[in-house]
Each structure stands twice: as C-alpha cells, then as structure tokens.
Novice: 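So that we are looking at the same thing, I have put the structure below in structure tokens.
Each chain gets a letter, A, B and so on, in the order the sequences are listed, and its residues count up from 1. The analysis underlying the following values was restricted to heavy atoms, covering all of them including side chains, and did not include hydrogens, waters or symmetry mates. Bear in mind the structure is a predicted one, so any value in this text is a computation, not a measurement.
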There are 2 protein chains.
Amino acid sequence: MQKGYENTSMDDVAERLGATKGRVYHHFNSKPELFFAVYRRAMDMLTQAVAPAVSRPGLAGDRLRDMAQTHALTLMESLPFQRTAALAPDLWRFGRAAEHQATLSDLIMLRDIYEALFRRVLEDGARDGSLRRFPEAALASRTLLGALNWVAVWYQPRPGEGAAERRTLAATIAETVLSGYRA
Amino acid sequence: MQKGYENTSMDDVAERLGATKGRVYHHFNSKPELFFAVYRRAMDMLTQAVAPAVSRPGLAGDRLRDMAQTHALTLMESLPFQRTAALAPDLWRFGRAAEHQATLSDLIMLRDIYEALFRRVLEDGARDGSLRRFPEAALASRTLLGALNWVAVWYQPRPGEGAAERRTLAATIAETVLSGYRA
DNA sequence: GTCTATAAAGGGATAGAC
DNA sequence: GTCTATCCCTTTATAGAC
C-alpha cells in the first residue's frame, strides 16, 4: 500500500514482519503470487460484503445504494488490501510469464463476476423502474465502480475517526454517486 | 501504457523508437524524468481542453457537463498519455529521491489545480441552484473525477470508431455521471 | 519454519567513439 | 545527436544449515 508493488522488495516485506526473506518464500513461491493472494483477498472481502444486497427483496435502486455504500465502507476498512488492488487495475502486466496465466484469468474472472453483480442490479432497476435505463449497462457499472474504487486511492482515516464516521462517509458517497450532481 | 512504468525498461523505450538508450538519455536525464514529462503532458492536455468551460457564462450545471464530457473525450483521444498517468495515481512513490521532490510537488500541484476547477464549478452550482449542495465539495469532485478517470483504464477504441462515436460516448458518460443512476 | 549466504539476471545509467 | 560497450547496483530466488 505504501510504496506500490514494484517498489516493495521482498526484503521490505520480510523486514515489516521482523523476519527475513526465507520466511516469506516459505509461504509464497514468488513475489507475483504474494501479490495475487493480496488481490484475491481484496476481491473476496468485497464480494462477501456486497453479495447479500444483490438478491435481497426490494427495489433495485435501494439495493444498489446498499451495495455502493457497503463497497465504499469495505474499501475503507480493509484499505491496505484494497489500495494495493486498486493501484494495479492493469492485471495483465503480470501476464508475460506463462505460469501465471491461470491465476490471472482466475482473478480477472473474480473481478468480472463482481462487476456483473452491479450490472445485474442496474438491469433489475431498469425493469422495476427504480433506476435509469442505460443503452449499455456495462458503461454505467464502470463509471459507478470507478467513482467508488477511487475512494481506495484518496481515502485516509481522519484522526479519531470511528466506525460510525466511516459509515456516514460511505453513505454520503453512495448517495452522491447514485443521485448524481444535478440539483 | 502497455506494460506500466516499472515493467518498461529504457531499452524497451528505445526499441520502440527504433533506437538505443543513448538517444533516450540524451533527451531525458533519468527514467523518472521521462515519466514526469508524460504525466505533465497528460495534465496539460486535460487542463487546456477543460479550462474554457470553467469560466464560460451560463449555469454551473451546464458547464460541469461540458467539463465532464471534454475530460472524457480528452482521455480517449490521448489515451497513451492518460492511461500512463492514470495508472500512477500514487505519485509520491517516486518521492524517495530528494532530487525529484520539486518536480513531484509541481505535478501534484497541477493535479490539485485541475481538481479545483471542478470544485469551483460545483460550488458555483450550489449558488446558482443548478447543482446539489454538498457538505464537502472535495468529496463530490473526487467521486466525479474517479468515475471519469476510470475511463482511461477501461476505454479501448472499437474497430472503425471515429471522432463522432467518441463524442457520443463522452456525452453519455458525462450525462450518466452528472445525473446519477436513479430513475 | 526460519535463518545466512549466495547465485543469477535484469536494468538504470555512463563513458567515449563517431 | 546517436551508437556501442560496459559498469554497477538492486532484487528475485535458491541452497543448505539449524
């Protein structure tokens, strides 16, 4: 999170653990695999937090607001994982080595599945009338997730900030994005 | 744009030019300075394209829509610069070396000034009634720019796409973001 | 499971010829 | 202004002791 993937050496990782590289390499075969584990966990946390709202009964507009709010909140509460993942949106840059292809496809699938949750609710909303009807749901879900994911980059906990403040912030973000900027 | 900053060697850059490193180093003192030049040009293109709409007469809501649309269009039409810049939002990761501090502060200032253009119009809109009133204009401008900048990551020209299609896409994006997702 | 020591490779940067 | 040749450091990864 602090220096980015490329500028963090395995020695840096070990030092943070108060150990040496041997320990790290005992648990992770390579530096990319360590990153992949971080990325996967970031996605897992998001999916587990957000999925319940997808299929809950009620208007799609309300579900989408809950999803957006939960997404923002989860970013804030697992920031080291989420910022690391958010700063590497170009996952394919690892793709040169054939050994990583399978893992990469898997992670990209996780991300696609996650984005599809939002697309689905957007489409639900077009049907039940609680959300606008977009010519391309993919475009709408991308701008929505773009606004939300950017939180992982700029968010920094304020001194003394607690869970309640974070929830309020997440709610404000969700409300802003869902309702737009026009009066 | 293709491999990211860290995974692109100076030899790669030279090869793309059909030359060798000597040529590159004749024009840029170091790899970071080459990146800084790319980043600066990306910001300059955005600022020059968007600034006119900021102080134009008319409702802030209309100006903000033009700004958003122009921003998205500029991202698409100068994608190699913009994606490179967008994939390095954590500029401070270059900051270890004292020699770069001045340049970095300068670039971060450019980015802040640019974001301030959006904040200013958001505040204009709160006054003239064409935009919502936000408790924190900074938060609103960030989610707005998050949605827009994400375009630089996912956008890929479609086969045969022309300037007209791009303008339409940019307009749709701006409209989506400004008006929100609710019906 | 963790350490020390070291191998092996890559890539940023420079010197000097042309 | 560009090229060739090379230096040198960083960093990934492994071997083998404990």
Novice: I'd like a table of donor-acceptor pairs (distance under 3.5 Å, sequence neighbours excluded) in which one partner is a side-chain atom from residues 112-120 of chain B, with atom names and distances.
Specialist:
residue	atom	partner	partner atom	Å
Tyr114(B)	OH	His71(B)	ND1	2.6
Glu115(B)	OE2	Ser141(B)	OG	3.2

Novice: Taking CG from Asp12(A) and C1' from dT10(D), how many angstroms apart are they, rounded to a whole number?
Specialist: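 My rounded result for the distance is 11 Å.
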
Novice: Starting at OH of Tyr25(A) and ending at C1' of dG16(D), how long is that distance when rounded to a whole Å?
Specialist: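 Roughly 17 Å, once rounded to whole Å.
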
Novice: Just the rounded figure in Å: distance from P of dT12(D) to CD of Glu33(A).
Specialist: 14 Å

Novice: Counting N and O atoms only, with roles assigned by atom type, does the side chain of Arg63(A) sit under 3.5 Å from a partner on the main chain of Ala53(A), one being a donor and the other an acceptor?
Specialist: no

Novice: Between dT12(D) atom P and Lys31(A) atom NZ, what is the distance in whole Å?
Specialist: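 Lys31(A) atom NZ is separated from dT12(D) atom P by 4 Å.
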
Novice: Under 3.5 Å, sequence neighbours excluded: what are the donor-acceptor pairs made by side chains of residues 41-52 of chain B?
Specialist:
residue	atom	partner	partner atom	Å
Thr47(B)	OG1	Met43(B)	O	2.9

Novice: Below 4.0 angstrom, N of the basic side chain to O of the carboxylate: do Glu165(A) and Arg158(A) qualify?
Specialist: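 Salt bridge absent between Glu165(A) and Arg158(A).
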
Novice: Expressed in angstrom and rounded to an integer, what is the separation of Leu34(B) atom CG from dA13(C) atom C1'?
Specialist: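 Whole-Å distance recorded here is 14 Å.
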
Novice: Can you measure Asp11(B) atom CG to dA9(C) atom P for me and round it to whole angstrom units?
Specialist: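 Nearest whole value for this atom pair: 17 Å.
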
Novice: Less than 3.5 Å apart, any donor N or O on the side chain of Asp11(A) or Ser9(A) sitting next to an acceptor on the other?
Specialist: no

Novice: Going 5' to 3' through nucleotides 1-6 of chain D, assign each nucleotide B (protein heavy atom under 4.0 Å from a base atom), S (under 4.0 Å only from sugar-phosphate atoms) or - (no protein heavy atom that close).
Specialist: BBBB--

Novice: Hey, does the side chain of Ser179(B) reach the backbone of Thr176(B) with a donor-acceptor pair shorter than 3.5 angstrom?
Specialist: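 No.
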
Novice: Rounded to the nearest angstrom, tell me the gap between atom CD in Glu6(A) and atom P in dG10(C).
Specialist: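 To the nearest whole Å, that distance equals 16 Å.
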
Novice: Distance check needed: dT11(D) P versus Phe35(A) CZ, whole Å only.
Specialist: 18 Å

